[in-house]
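These notes are about the structure you will find just below.
Chain naming here is simple, since letters A, B, ... match the order of the sequence lines and numbering starts at 1 in each.
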There are 2 protein chains.
Amino acid sequence: MAETQSPVGSVDRALLILQEIGKHSRGVTLDELATRLGLPKSSLHRLLGALKHRGFAAQPEPSGPYFLGTEMLATAFRFYETMDLRTLVRPLLLRLSDEFAETVHMAMLDGGEVVYLDKVEAVRSITMTSVVGGRNAAHCTGVGKALLAWTYPTDEAIKAWAERYGPLATRTRNTITNPAKLATHLDQVRQRGYALDLEENEPGVRCVAAPVFLGRTAPVAAVSVTAIKDRMSPARLEEVGHNLRRAVAEQV
Amino acid sequence: MAETQSPVGSVDRALLILQEIGKHSRGVTLDELATRLGLPKSSLHRLLGALKHRGFAAQPEPSGPYFLGTEMLATAFRFYETMDLRTLVRPLLLRLSDEFAETVHMAMLDGGEVVYLDKVEAVRSITMTSVVGGRNAAHCTGVGKALLAWTYPTDEAIKAWAERYGPLATRTRNTITNPAKLATHLDQVRQRGYALDLEENEPGVRCVAAPVFLGRTAPVAAVSVTAIKDRMSPARLEEVGHNLRRAVAEQV
DNA sequence: CTAGCAAATTCCGAATAATGGAATGCTTGA
DNA sequence: TCAAGCATTCCATTATTCGGAATTTGCTAG
C-alpha cells in the first residue's frame, strides 16, 4: 500500500524537524538538519523560526545549534503526569489481539509485583489469573520479566531487587526462584528483546511479553500475548516474539 | 512592541493545537478545541490530521477526543533523558542576570544538598561560597528551600526528609534547624511562590529563588538571584521575587 | 424504532501562504 | 587579511492551505 501523505505538508515538515532534533540531545546545526532531512536551508530556517516562535525548538546561541525547546518538553511532561497511559496503549492492544487472536495484557511494575492495567480478551479466551487491576508476581510472568529486564539492566541490579522483594515464590515446577539464575535468564531476555513465560506462573499457560519505553531508558509498561501451551509451540513463540517487538516499536 | 508573527502560520496553528491538547490529559473534542482556539472546524480537522499522521496527536476512538500522541511524548522523553538541562536554562539565567544586575544560579536537589549547575556572575560580583559543581545544604539556601518546598509538598514529607538527612546544621544565627519550623516556613514559601535566604547560609548574603517545573509537579531545578544584604532591602526582595516568578513562568 | 440534532468529516473553489534559489551576512581559521 | 563555509535574508513564483457549505455519523429522546 502506498504511503499516505500528510494533509498539511508544512506541518509535516515541522514535525519531522522536531523528531530529528529530538535525536540530538547535544544540539544539531542547521546544516546537519538540512542534510539529514533533505530540506533546502532557507525553508528549514523558516520552519525552525516557527518552532522557535512557540518554544518548541530553541537556539540558545545566535547561529548556534538547535535543541528541543522548553515548551515541547513542558507540554509533553505536563500532559503525561496526569494522563491515563492505557488510553495510548489500548490501540496497540487491540492491534495485537487482532493480529495474534489471543488474549493480550498491559501491565506495570510495582515493587516485586506487576499490576495489570488493561486487557483485551480473544474470542477463544482462556480462564486466567489475570484481572485488570489485579497483581501478580513479577519474576514468573512475561510482563514482569520484560519489565525487570530493562528496569534493572544489570545482574547486580536484579540481585538487589530480588534481595529486597524476595524470596521469589515457586508457582509451578518451571518457576525460576534463584536470583542468580533469574539474572542470567534476564540477560537472555534483553538479548532477545522479549520475555517468555513458559508455564512459570500457571501450568499450561505460555506468554510472550515486550517492554514499552515511550522514549525512556526504563520501560513505562509491558504488553503481552498469552495462550495455552498447545497454541504456543517454540516456533510460534519466536514468531509472536518478533512480531510483538515490531508492533511495539512501530506504535509506541 | 507589537507581537511578532510566526514565519509559518500553519505550523504555528499546529503548535497551538498541541499546547491546547496538552492541557487536557483526559482528551479534548474537536468542537471544544475549535472553540478554545478560535479556529474553523474544517481547518482544525485537517491540522489534527497532520498531527495524527506523525503520531504527535492521537484519536484512539473514531470521532472521539484527541490526546497528545506517543511520538510527541517519546520525542520529548528521549531528548530529555540525555540532554543537558543547563542548555535550556542558561538563557533564563542570562536574562535574570541582565534584569537584576546580580549573580544568578541554577541548582538541583540531591538528597540533603543542592548542587550548583550553572552561574552567571554580575559585574559587581561578590565572593560567595557557590561554585559550579559544588554543593551546599538545602535547608538554608534559597534554591534549596525552593526545591524542598515543591519536591516535598506537605509538612509530613518535609519532616520525613529532615529525619532522613538531618540533623539540619547551623550555618548562621538565622539558620532554621528545627524541622517543624522549616515545614511551617516552607508553607509560606509555597504561598508566596518563591523562597528567600535571609542570611541563613552566609552572613551578609541574601537570595531570592524560584523553582523550575518544566511542566512537572516536582521541580527539575531552581534558579536564584543573590546579593549582599545592603542591596536586598525587604522591598527589593519582594520586587525581585515577583519578577523572578514571572520570568521563570514566561521562559521555562 | 425513528427522527432530529449536534458533532465530526469531507469537498472544492478561491486566495493566501509557503517555497527555495540566489544573494547577503557573519564567523572562524589559515 | 582573506577565503571558506555556515547561517540568514530576500522576493518572485508556485502550490498549498483555507474555510464555508454540504454531507455523514452517531446518539438520544420521544
- Query: Would you call the rings of B:F77 and A:F77 parallel, tilted or perpendicular if under 30° counts as parallel and over 60° as perpendicular?
  - Reply: parallel

- Message: Please classify the nucleic acid contact of A:E61 as base, sugar-phosphate, or nothing, using heavy-atom distances under 4.0 Å.
- Response: nothing

- If you take atom types as modelled and just measure distance, does the side chain of A:S42 reach the base of C:dG21 with a donor-acceptor pair under 3.5 Å? yes

- In whole Å, what is the span from the NE2 atom of B:H45 to the C1' atom of C:dA8? 6 Å

- Query: Are B:I17 and B:L39 close enough that some pair of their side-chain heavy atoms sits under 4.5 Å apart?
  - Reply: yes

- Picking from D:dC6, C:dA8, C:dG20, which would you name as closest to the side chain of B:K41? C:dA8

- Query: If you pin A:Y66 and B:L39 to their nearest nucleotides in DNA chain D, which one's is more 5'?
  - Reply: A:Y66

- Message: Once you measure the plane-to-plane angle for A:Y194 and A:H242, does it fall in the parallel (<30°), tilted (30-60°) or perpendicular (>60°) bin?
- Response: perpendicular

- When you check the phosphate oxygens OP1 and OP2 of C:dT9, does a side-chain N or O of B:S63 lie under 4.0 Å from one of them? yes

- Indicate whether OP1 or OP2 belonging to D:dT17 is found under 4.0 Å from a side-chain N or O atom of A:S10. yes

- Query: Between B:L44 (CG) and C:dA8 (P), how many Å, whole number?
  - Reply: 9 Å

- Task: Ignoring backbone atoms, establish whether B:R13 has a side-chain N or O less than 4.0 Å from OP1 or OP2 of D:dT17.
- Result: no

- Looking across every strand, which nucleic acid part, if any, lies under 4.0 Å from B:E32 by heavy atom: base, sugar-phosphate, or nothing? nothing

- Message: Contact between B:Q19 and A:F79 at the side-chain level, heavy atoms closer than 4.5 Å - yes or no?
- Response: no

- Separation of D:dT8 C1' from A:L33 CG (nearest whole Å): 15 Å

- Separation of atom CG in A:L48 from atom P in C:dA18, rounded to whole Å: 15 Å

- Message: Ignoring hydrogens and geometry beyond distance, is a side-chain donor-acceptor pair present between A:R95 and A:Q251 at under 3.5 Å?
- Response: yes

- Task: Starting from P on D:dC6, measure out to CG on A:D31 and report it in whole angstrom.
- Result: 5 Å

- Task: Write down the distance between CG (A:L30) and P (D:dT8), rounded to a whole number of angstrom.
- Result: 6 Å

- Comparing nearest nucleotides in DNA chain C, the 5'-proximal residue of the pair A:G9, B:Q59 is B:Q59

- Round to the nearest Å and state the distance from A:D12 atom CG to D:dT17 atom P. 9 Å

- Please state whether the phosphate of D:dC18, meaning OP1 or OP2, lies under 4.0 angstrom from any side-chain nitrogen or oxygen of B:R46. yes

- Hey, is the side chain of A:Q5 poking within less than 4.0 Å of OP1 or OP2 on D:dT16, counting only N and O atoms? no

